[in-house]
Amino acid sequence: MTALLEPPTTKPLVPHVIELEITGECQLVCEHCFADSGPAGTHGVMTQADWFGVIDQATEIGIATVQLIGGEPTTFPGWAGLVDHALSRGRKVEIFSNLYHVSAKGWAVFEHPGVSLATSYYSVNAGEHDKVTKTIGSHERTRANIVEAIRRGIPIRAGIVGVHDGQLERLAVNELHSLGIERVTLDYARGVGRSTKSVPDVSALCGNCGRGRLAIMPDGSVSPCVLGRFLKPANVRESSLASILAGPEWAAVVATIPERAEPCGPNGGPCSPSDQGVCGPGYTMGGCPPNDSNDCSPANTEACGPSY
Ligand code: SF4
């Protein structure tokens, strides 16, 4: 009797971050916004109960971190409940907020153990920052809330995006380091959302999309990351997350995204000692290896590049 051979099984790579884009609403109208968000944006069709279900599925799969993003995620009425739910499932939570307005309740949620913040910042110069956000006074408010988050001991990282000439974005990196934020990334506007009038393609992506992360949009569609939103092979309102990640459509989409050859450094180049002023001790760009962990340290030279 001949033993039946089991068909080969492919085990999908488990992402370590799931980005939940819970709203398209935002108080700001940034020039480069990947999500084309603004005050007229909506929360989409996903309800709080739908998002609870996504968090439960992410937990079953083993995704360690739930990120709430938008738009401005704190404009979604049930955002604090989503944080509680993810924490109750043993997930870490990162809230990617513009920190334009933080209510007393918001600060209380941010201070929960297991919660961290990420924010965007554009310049040391208030006028240059406000030129990007197209909102006068946004620099003052965001900077003050960054300082307050640090004062409260809330873990926080920042992403700086270069959008226009003369923005002084590199000085902003130094400024945030001096305020006490170790994890500061510098990137430049990518060809998605309001940054481009042409059809976006995978050349605009950092290469980690779909490999260490995935994103769920306000309509339930699943994308390799929020920047790769033009790739939507499935929808969580129609299929389970596990079946989507194990399916051929997902694998085919991820395979179209070129993996990054040079992992870290300004403009996608290597992060050399001469870049320390920009890179800082915890430098990453768009989340560098290993495993997109924001941990490009001397101990990780193999993953981060020999010149790190
Ligand atoms: S703060 Fe973020 S979501 Fe809001 S408009 Fe600016 S880039 Fe878009």
Side-chain angles (χ1 to χ4, degrees), residues 12-26 35 37 43-99 102-120 149 152-159 183 208-226 229 234-237 239-245 287 291-295:
L13 184 69
V14 176
H16 54 92
V17 179
I18 184 167
E19 303 166 341
L20 307 186
E21 189 174 302
I22 57 177
T23 182
E25 183 179 329
C26 187
S37 293
H43 303 317
V45 298
M46 290 284 284
T47 64
Q48 190 191 46
D50 290 333
W51 290 118
F52 284 164
V54 170
I55 292 167
D56 289 343
Q57 291 183 54
T59 302
E60 282 164 23
I61 293 169
I63 299 174
T65 301
V66 172
Q67 182 194 67
L68 301 187
I69 191 169
E72 168 53 38
T74 61
T75 65
F76 181 81
W79 76 275
L82 297 181
V83 173
D84 287 344
H85 192 77
L87 292 174
S88 75
R89 297 295 183 270
R91 303 305 94 187
K92 287 190 277 188
V93 177
E94 180 179 80
I95 302 163
F96 206 125
S97 168
N98 59 33
L99 295 182
V102 184
S103 65
K105 177 186 168 190
W107 284 119
V109 176
F110 293 168
E111 286 183 309
H112 284 330
V115 173
S116 63
L117 284 172
T119 195
S120 297
R152 290 175 182 251
I154 300 168
I156 181 169
R157 69 179 177 94
R183 295 167 58 196
N208 289 319
C209 321
R211 298 189 171 95
R213 58 184 57 238
L214 81 158
I216 315 293
M217 302 293 141
D219 65 357
S221 58
V222 183
S223 293
C225 77
V226 289
R229 59 199 310 106
N235 192 301
V236 287
R237 300 172 74 231
S239 311
S240 73
L241 208 46
S243 66
I244 291 169
L245 293 182
N291 302 321
D292 195 18
S293 65
N294 291 314
D295 186 21

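Every value quoted in this text rests on a predicted model; they were computed, and no experiment measured them. Numbers here are sequence positions counted from 1. All values below were derived from every heavy atom in this structure, side-chain atoms included, with hydrogens, water molecules and symmetry-related copies excluded.
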[X] [atom1] to [Y] [atom2] distance, which is reported to the nearest 0.5 Å:
X      : Y      : atom1 : atom2 : result
Ile22  : Thr75  : CD1   : OG1   : 7.0 Å
Leu214 : Glu19  : CG    : CD    : 7.5 Å
Ile154 : Phe110 : CD1   : CZ    : 7.0 Å
Leu87  : Lys92  : CG    : NZ    : 12.0 Å
Leu20  : Leu68  : CG    : CG    : 6.0 Å
Phe76  : Glu25  : CZ    : CD    : 11.0 Å

Side chain proximity check, His112 to Val93, heavy atoms < 4.5 angstrom: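 His112 does not reach Val93 side chain to side chain.
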Side chain proximity check, Ser103 to Thr74, heavy atoms < 4.5 angstrom: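 No, their side chains stay 4.5 Å or more apart.
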Residues in salt bridge (charged side-chain N to carboxylate O under 4.0 Å, His left out) contact with [X], at least two apart in sequence or another chain:
X      : result
Arg91  : none
Glu72  : none
Asp219 : none
Glu111 : Arg152

At their closest point, which heavy atom of [X] faces which heavy atom of [Y], and how far apart are they?
X      : Y      : result
Ala215 : Cys225 : CB-C, 3.5 Å
Met217 : Met46  : O-CG, 3.9 Å
Asn98  : Cys26  : ND2-SG, 3.3 Å
Ser37  : Gly71  : OG-N, 3.2 Å
Val83  : Val109 : CG1-CG1, 3.8 Å
Pro73  : Ser97  : CD-CA, 4.4 Å

Sole residue of Ile156, Val115, Thr119, Leu82 in side chain to side chain contact (heavy atoms under 4.5 Å, CB included) with Ile95: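 It is Val115; the other options fail the test.
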What donor-acceptor contacts under 3.5 angstrom involve side-chain atoms of residues 56-66, with partners at least two apart or in another chain?
unit_1 : atom_1 : unit_2 : atom_2 : d
Asp56  : OD1    : His85  : NE2    : 2.8
Asp56  : OD1    : Arg89  : NE     : 2.9
Gln57  : OE1    : Leu241 : N      : 2.7
Thr59  : OG1    : Ile55  : O      : 2.8

Sidechain-backbone polar pair: Asp84 side chain, Gly81 backbone, donor-acceptor under 3.5 Å: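 Not a single qualifying donor-acceptor pair exists.
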Sidechain-backbone polar pair: Ser223 side chain, Val226 backbone, donor-acceptor under 3.5 Å: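 No, Ser223 side chain to Val226 backbone: no donor-acceptor pair under 3.5 Å.
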Side chain to side chain donor-acceptor pair (under 3.5 Å) partners for Gln67, two or more places apart: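 Only Glu94 meet the side chain to side chain donor-acceptor pair (under 3.5 Å) criterion with Gln67.
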Test side-chain contact (heavy atoms from CB on, under 4.5 Å) applied to Trp79 and Thr23, step by step: CA-CA 10 Å; Trp79 76 275; Thr23 182; over 6 Å; no
